[in-house]
Amino acid sequence: FWDRVIAKGHQENGDFDQAMALLEKHVTLTETHALALSWAATAQRALKDLPDTEIRNLLCELADYVVHRTV
């Protein structure tokens with residue numbers, strides 16, 4: 001399925017629903033979201049060493065936004 005849909009680029013009706021069912025069956029979405037939260041937290045911790053500026057704050061907010069925009 002994945003080879004046909006992604007590698008070969010041949011999508012058919014119902015493929016999106018099948019893909020979502022497979023991702024849910026294997027808890028992929030939940031695990032990926034948890035991993036994204038972890039990376040965002042790591043990035044925010046690294047940013048704390050920088051001077052307290054608007055850009056640093058925007059980068060911290062961006063990390064949150066990227067993870068939460070699809071929830």
Side-chain angles (χ1 to χ4, degrees):
F1 172 77
W2 295 114
D3 184 56
R4 174 181 58 80
V5 171
I6 295 174
K8 295 179 181 170
H10 180 74
Q11 293 88 31
E12 300 174 358
N13 287 335
D15 282 348
F16 180 78
D17 291 334
Q18 183 177 354
M20 292 304 292
L22 287 168
L23 293 173
E24 289 176 16
K25 176 183 176 184
H26 297 285
V27 197
T28 306
L29 297 176
T30 302
E31 290 177 2
T32 302
H33 186 253
L35 185 59
L37 285 171
S38 174
W39 279 110
T42 299
Q44 290 170 332
R45 282 192 303 273
L47 289 168
K48 295 294 180 194
D49 293 337
L50 298 176
D52 186 10
T53 64
E54 183 178 352
I55 292 176
R56 183 191 84 177
N57 295 334
L58 288 172
L59 288 170
C60 284
E61 290 175 13
L62 179 63
D64 283 333
Y65 172 76
V66 168
V67 174
H68 292 86
R69 69 186 172 95
T70 59
V71 175

Short side-chain to backbone donor-acceptor contact, His68 and Asp64, under 3.5 Å: yes

Counting C-beta onward and ignoring hydrogens, is there a side-chain heavy-atom pair between Asp15 and Arg4 closer than 4.5 Å? yes

Would you mind reporting whether Met20 and Leu29 have side-chain heavy atoms less than 4.5 Å apart? yes

Between Ala63 and Ala40, what is the shortest heavy-atom contact and its length? O-CB, 3.9 Å

How far does CD1 of Ile55 sit from CG of Leu62, to the nearest 0.5 angstrom? 12.5 Å

Decide whether Thr53 and Arg56 meet the rule of one side-chain donor and one side-chain acceptor closer than 3.5 Å. no

Do Leu47 and Leu58 sit in the same hydrophobic cluster, where Ile, Leu, Val, Met, Phe, Trp and Tyr count as joined when their side-chain heavy atoms come under 4.5 Å apart? no

Taking side chain as C-beta onward, heavy atoms only, is Asp52 less than 4.5 Å from Asn57? yes

Close side-chain approach of Asp3 to Lys8, heavy-atom, < 4.5 Å: yes

Closest heavy-atom contact between Trp2 and Ala19? CH2-CB, 3.5 Å

Euclidean distance, Gln18 CD relative to Leu22 CG, rounded to 0.5 Å: 5.5 Å

Interatomic distance, CG@Leu23 vs OG1@Thr30, rounded to 0.5 Å, equals 10.0 Å

Would you check if Val67 and Trp39 make a side-chain contact, meaning some heavy-atom pair closer than 4.5 Å? no

In terms of heavy-atom contacts, does CD of Glu12 have more than 12 from other residues, nucleotides or ligands at under 6.0 Å? yes

